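Each remark here refers to the structure printed beneath this line.
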Amino acid sequence: MTKVAVLGYGTVGSGVYEVIKKNRDVISGKLGEEIEVKYVLDLREFEGDPVQEVLVHDVDVIISDPEVAIVCETMGGEHPAYEFTKRALESGKSVCTSNKELVEKYGPEFLQIAKAHNCSYLFEASVGGGIPIIRPLRTSLAQEEILSITGILNGTTNYILTKMETEGLAFADVLARAQEKGYAEKNPDADVLGFDACRKIAILTSLAYGKKVDFADITTEGITSITDKDFAYAKKMGATIKLFAKSVKKSGKYYALVAPFVVFPENPLYAVKGVFNAILVNCNMGGETMYYGKGAGKLATASAVVADVLDCARHKGKHLDIKWEERKLEISPIDGAVRRFFVRTSSAEERIKEFFGEVEMISGVADGECGFVTEEMSEAAYREKAAKFGDILSMIRVD
Ligand code: HSE
């Protein structure tokens, strides 16, 4: 029997407790032993909930109990999750977490501590909720050179964009409805400005190349300026608009970007609708693989935490190595990245072609304006032409 403690009885923590209880037989059947939640740490009381029997309010009870082999950190936030994680690892207890802020900021430090104390720090649930993506990157794709990762890594924004597309609604109206239904936070900035997706692609890129990617080095644009008109143009092109979190390795350089993209049906990410997430990984030998599922939610995220618990239980007394150095991965400015650009303007075709050369015109979508798609050019070249051209109503990159 392996005994675990759960830190935080919120959405994910209560999910971990539920998954371990409900799937007890499935888990013991596959693992060959039972997993038991010995403690749940929370400051609150949960009268009438069976969790009350294992509830503790003092983390020292958990840290000082040699029977506890694995700690699930599902508290979220930086403090005291940082201190509790560090203490657990220093006591030789493996930590499984869903806390992406902590993973992105302190991943390499925790991995070193875990290595020094013969235990593990696993974080499958920190990116893509219930989608297995960290484990494939560190095991199934370990032999591959990763050429690119493109993710729809935020359910809230994918839900908003899907509703804008299918119902022809404005961003603010869909956001308000999403907030009413609990699909978007009261303060939606981290989601709609792209920061949540940015942290997640920073973690995936760090794992792909074994060095630390600082999320502040990633150019990040959210979806707040996407309008129903943009979707009308996308529809005319036979495309849609998605918030992509991307990292690319090209000619020895690394690029990363979070931004809305015009996406065509040939891209498998085109079909990812609503709150679902997906990650497309392109490798130099095996080509493309895609990972799809629920990127958030109680049981999906908890299930990923419990997958890590099983991994730790199978490797008790051993360190599961994840290569992620403190050394920074140099992210090149996006200036050199080459792609096409979809632009809306009130200028006439003649003037557009004078500045941008051969373009694909998209007319008849809205009064007093037109759209066009440029040929491939670098971000720097686009910026320079756009600055001289001046009359740009909106620009969305084309995938
Ligand atoms: N706010 C996040 C999302 C939750 O919408 O995807 C999961 O990290």
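Computed from a predicted model, the values in this text were never measured in an experiment. Just follow the structure's listing: the first ligand is 1, and inside any ligand the first atom is 1.
With a heavy-atom cut-off of 4.0 Å, Lys100 touches ligand 1 through its side chain alone. In Asp191, the part holding a heavy atom less than 4.0 Å from any atom of ligand 1 is the side chain. Of all the heavy atoms of Val275, none lies under 4.0 Å from any atom of ligand 1, so neither backbone nor side chain is involved.
Closest to atom 6 (O) of ligand 1, if we only count protein heavy atoms, is Gly155 N, 2.8 Å. Looking only at protein heavy atoms, the nearest one to atom 7 (C) of ligand 1 is Lys200 NZ, 3.5 Å. Protein heavy atom in closest approach to atom 4 (C) of ligand 1: Ala296 CB, 3.9 Å.
For the pair Met237 and Val398, the minimum side-chain heavy-atom distance is 4.5 Å or more.
Classification of the Tyr9-Phe46 ring pair by plane angle, with boundaries at 30° and 60°, yields perpendicular. Phe110 and Tyr82 have tilted rings, their planes meeting at an angle from 30° to 60° on a 0 to 90° scale. Under the 30°/60° scheme for interplanar angles, the aromatic rings of Phe372 and Phe389 are found to stand perpendicular.
For ligand 1, the atoms lying closer than 4.0 Å to a non-hydrogen atom of Asn154 are 1 (N), 2 (C), 3 (C), 5 (O), 6 (O). The Gly295 neighbourhood of ligand 1 comprises atoms 7 (C), with distances under 4.0 Å to a heavy atom of that residue. Set against the non-hydrogen atoms of Thr156, the atoms of ligand 1 under 4.0 Å away are 1 (N), 3 (C), 5 (O).
With hydrogens and angles disregarded, a donor-acceptor distance shorter than 3.5 Å links the side chain of Thr74 to the backbone of Leu7. Between the side chain of Asp391 and the main chain of Ser347, a donor-acceptor pair closer than 3.5 Å is present.
The salt bridge (Lys or Arg N to Asp or Glu O under 4.0 Å) test applied to Lys253 returns no partner, not counting sequence neighbours.
Ligand 1 is never approached by Gly129 to a heavy-atom distance shorter than 4.0 Å.
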